[in-house]
Every structure is written in structure tokens, then in C-alpha cells.
Amino acid sequence: MRRLLLVLAVFGFALVGCGEGDQQVVVYKQGKYQGKPDGLPWNSDSPIAELRGGKWTRGDRNSWEEQIKQRQLAQHEHKRIYQ
């Protein structure tokens, strides 16, 4: 009796596990972007110190561009080694 219940339970779980449920399908509207709008990079906050991000003033494009230039120079191997 136990063996029969075990076999029925395994068979039941296998049958349920192999079933396919309804899947949601995304409907796109032509010409309409439905995602999150992108903001300007200099309007965001500087990353936290643990991420080793640069510091810039939020909303100031010039300070953001300067930080990007400094980060680029720090990634240049020749300049890093021979300075």
C-alpha cells in the first residue's frame, strides 16, 4: 500500500512538473518606447567610495567630464607605469 502511494505521488509530481503553464507575452506598440527613460549621466549622484568612483557635482556637466578624463588617464597603462 505504501509503495502504491509513493508511486502515485511520484507520478503526480512528475505530471505536474512537466506541465506547461500560460506564458505572458509582451505586446509592443510601434514607435512607443515602454522602458525607463534615460537621464543625463551628470545628473546622477557620484558612486560610493567602495566602488572607487570619481566625485563630481550633481548636475554639473563640466565636473563630470573632468572626472571621466581623470579616470581615463588612470586607466592608461603607459602613463600609470612611467609616471
Side-chain angles (χ1 to χ4, degrees):
M1 186 67 175
R2 281 184 168 175
R3 184 175 248 168
L4 179 63
L5 286 176
L6 180 64
V7 169
L8 287 175
V10 169
F11 181 72
F13 285 126
L15 188 61
V16 171
C18 294
E20 185 173 344
D22 293 336
Q23 297 183 5
Q24 295 179 354
V25 179
V26 178
V27 178
Y28 294 103
K29 296 178 183 174
Q30 187 63 30
K32 301 282 184 181
Y33 176 66
Q34 308 229 333
K36 184 184 93 166
D38 293 333
L40 299 173
W42 49 85
N43 283 342
S44 61
D45 291 326
S46 300
I48 57 177
E50 288 83 21
L51 297 178
R52 298 182 183 175
K55 293 288 183 189
W56 65 84
T57 307
R58 184 177 184 170
D60 184 10
R61 181 178 180 167
N62 291 331
S63 69
W64 179 79
E65 286 179 351
E66 274 302 312
Q67 186 275 324
I68 293 293
K69 289 176 188 174
Q70 292 301 318
R71 186 175 73 183
Q72 178 188 12
L73 289 175
Q75 292 176 350
H76 193 291
E77 290 294 323
H78 188 73
K79 288 188 178 268
R80 275 186 17 196
I81 295 171
Y82 298 109
Q83 270 186 340

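In what follows, residues are counted from 1 in the order of the sequence shown.
For N43, the side chain to side chain contact (heavy atoms under 4.5 Å, CB included) partners are L40, not counting sequence neighbours. For D38, there are no side-chain hydrogen bond (donor to acceptor under 3.5 Å, both in side chains) partners, not counting sequence neighbours. With sequence neighbours left out, the side-chain hydrogen bond (donor to acceptor under 3.5 Å, both in side chains) criterion links Q70 to no other residue.
M1 shares a hydrophobic cluster with no other residue; no ILVMFWY side chain has heavy atoms under 4.5 Å from its own. Hydrophobic side-chain contacts under 4.5 Å tie V10 into a cluster, directly or through other members, with L6. Think of L8 as one node in a network of Ile, Leu, Val, Met, Phe, Trp and Tyr side chains linked at under 4.5 Å; its network also takes in L4.
Atom-to-atom distance recorded for D60:CG and Q67:CD is 12.0 Å, nearest 0.5 angstrom. For the atom pair CD (Q72) and CD1 (I68), the distance works out to 9.0 Å, reported to the nearest 0.5 Å.
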